[in-house]
There are 2 protein chains.
Amino acid sequence: MDKEQLSKLIDRYLASSFTVNRRLSAITRDLLPDELTLDQSAALRYLRDNGCTTSSELAEIFCVGKSSITAIITRLSDKSLIERVPDEKDRRVTYLKATPEGERLTRQFDSKLEEMLCEYLSHFTDQEAFGFIELYEKLAAALVQARAESESEENR
Amino acid sequence: MDKEQLSKLIDRYLASSFTVNRRLSAITRDLLPDELTLDQSAALRYLRDNGCTTSSELAEIFCVGKSSITAIITRLSDKSLIERVPDEKDRRVTYLKATPEGERLTRQFDSKLEEMLCEYLSHFTDQEAFGFIELYEKLAAALVQARAESESEENR
DNA sequence: GCGATATAGTTCAATAGTGAAACTATTCGA
DNA sequence: TCGAATAGTTTCACTATTGAACTATATCGC
């Protein structure tokens with residue numbers, strides 16, 4: 001691919017991803033239960049699906065500092081949607097865990113979200129949908145890979 | 001596609017888009033000039049590429065209230081990166097316009113961004129890249145369409 | 001033309017997320 | 001055992017966001 005083409009492709013990517021992200025976020029926010037923000041729901045979903053997790057791990061996953069995570073989980077904890085479970089062995093670490101109420105809330109939200117996304121999926125053939133998601137996952141994997149590499153470089 | 005498959009597909013979409021968005025935002029933030037935030041750079045790029053634009057239009061595009069836009073453009077204006085140009089005919093409206101300095105800054109940033117994205121693009125064949133972007137654009141178009149429809153419904 | 005109504009944009013108060021730096025408590029390693 | 005590393009919190013300053021109240025201007029119906 002020549003440089004000109006590449007540059008156009010990137011412009012198209014930036015434009016589409018901006019539109020998709022902004023609009024999907026807005027629609028998603030409308031479906032959110034009153035007691036949750038978008039970031040809080042993402043954290044809660046992660047905890048629900050990945051079991052006991054530490055603040056540091058969440059910070060990695062969310063690509064933010066640990067103090068941001070402290071803020072988010074404090075708010076979730078104040079609403080009794082998550083629990084802090086101290087590690088028995090290493091008393092510095094505390095695991096985070098969705099409470100039953102937190103789990104219930106995210107499941108309910110997820111089913112609304114699914115319904116909404118189904119509508120947009122109907123614009124695509126099965127083949128298109130699968131093709132798209134496979135490439136999206138490949139991109140995600142490349143980004144995770146890159147992070148891991150730049151980290152191992154730091155420790156040299 | 002049966003319901004089970006659909007549900008799995010949506011889970012995969014949510015997971016990939018979360019990863020891609022978080023990681024790309026983090027990488028992009030690192031490339032950003034000190035005087036700009038991510039949202040400010042997005043606003044500035046939009047103004048650069050779309051000429052004179054009103055606050056109301058920006059609010060639509062960004063899917064936020066007008067007061068958010070006021071805040072963003074005030075910060076950009078304080079840094080002399082945009083100009084407010086009052087409409088001659090309708091004195092309620094003011095057009096927004098990137099200053100030469102604002103334009104310079106975004107172009108410089110864009111070229112860094114392009115370089116960075118090129119690296120990730122190298123994981124894909126040309127055919128994959130074009131296929132992906134076409135589907136992404138289709139999704140973006142579907143979301144814009146949906147917004148337009150729900151608006152015309154409101155005015156019935 | 002005039003009054004009601006709509007529209008464009010700002011201001012203000014409250015809240016969430018963020019990074020950076022300082023800090024506490026704990027563990028680990030030489 | 002002492003010094004360095006690690007997990008997590010606190011604090012501070014700042015940005016983005018919403019919603020409501022507000023100002024100024026334009027438009028519509030009579």
Please tell me which of B:E88 and A:K66 maps to the more 5' nucleotide of DNA chain D, matching each residue to the nucleotide holding its nearest heavy atom.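 Final value for this comparison: A:K66.
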Please pick, from D:dT15, C:dA8, D:dT18, the nucleotide with the shortest atom-to-atom distance to any side-chain atom of B:S68.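 Nearest listed nucleotide: D:dT18.
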Minimum-distance nucleotide to A:R92 side chain [options: D:dT6, D:dA26, D:dT11]: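 It is D:dT6.
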If the threshold is 4.0 Å, N to carboxylate O, is there a salt bridge linking A:D39 and B:R22? yes
Between [X] and [Y], a side-chain donor and acceptor under 3.5 Å:
| X | Y | value |
| --- | --- | --- |
| A:E57 | A:Y46 | yes |
| A:R84 | A:T74 | yes |
| A:R48 | A:T106 | yes |

Verify the contact: side-chain N or O of [X] to OP1 or OP2 of [N], cut-off strictly under 4.0 Å; return yes or no.
| X | N | answer |
| --- | --- | --- |
| B:R91 | C:dG9 | no |
| B:S55 | C:dT10 | yes |
| A:R22 | D:dT17 | yes |
| B:S56 | C:dT7 | no |
| A:T74 | D:dT9 | no |
| B:S67 | C:dT10 | no |
| B:R84 | C:dT10 | yes |

Protein-nucleotide distance ([X], atom [atom1]; [N], atom [atom2]), rounded to Å:
| X | N | atom1 | atom2 | answer |
| --- | --- | --- | --- | --- |
| B:L32 | C:dT18 | CG | P | 15 Å |
| B:D39 | C:dA16 | CG | C1' | 14 Å |
| B:I72 | C:dG9 | CD1 | P | 15 Å |
| A:I61 | C:dT18 | CD1 | C1' | 18 Å |
| A:D30 | D:dT17 | CG | P | 15 Å |
| B:K89 | C:dT7 | NZ | C1' | 18 Å |
| B:R29 | D:dA16 | CZ | C1' | 13 Å |
| B:I82 | C:dG9 | CD1 | C1' | 13 Å |

Compute the centroid of each ring, for B:F18 and then for A:F62, and state whether the two points are separated by less than 6.0 Å. yes
Supply the atom-to-atom distance A:D2 CG to A:Q5 CD, rounded to the nearest 0.5 angstrom.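 Reported value, rounded in 0.5 Å steps: 4.5 Å.
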If you go through the side-chain atoms of B:T37, does one of them form a donor-acceptor pair with the base of D:dA16 closer than 3.5 Å? no
Indicate, with a heavy-atom threshold strictly under 4.0 Å, whether A:T70 touches base, sugar-phosphate, or nothing.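 Base, at least one base atom sits under 4.0 Å.
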Have a look at A:I69 and say if it touches a base, only the backbone sugar-phosphate, or nothing, with a 4.0 Å heavy-atom cut-off. nothing
Reading DNA chain C from 5' onward, which residue's closest nucleotide shows up sooner: A:D90 or B:I73?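 The residue closer to the strand's 5' end, by nearest nucleotide, is B:I73.
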For B:T94 and for A:L38, find the nucleotide of DNA chain C with the closest heavy atom, then tell me which residue's nucleotide is more 5'.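 Looking at DNA chain C, the more 5' nearest nucleotide goes with B:T94.
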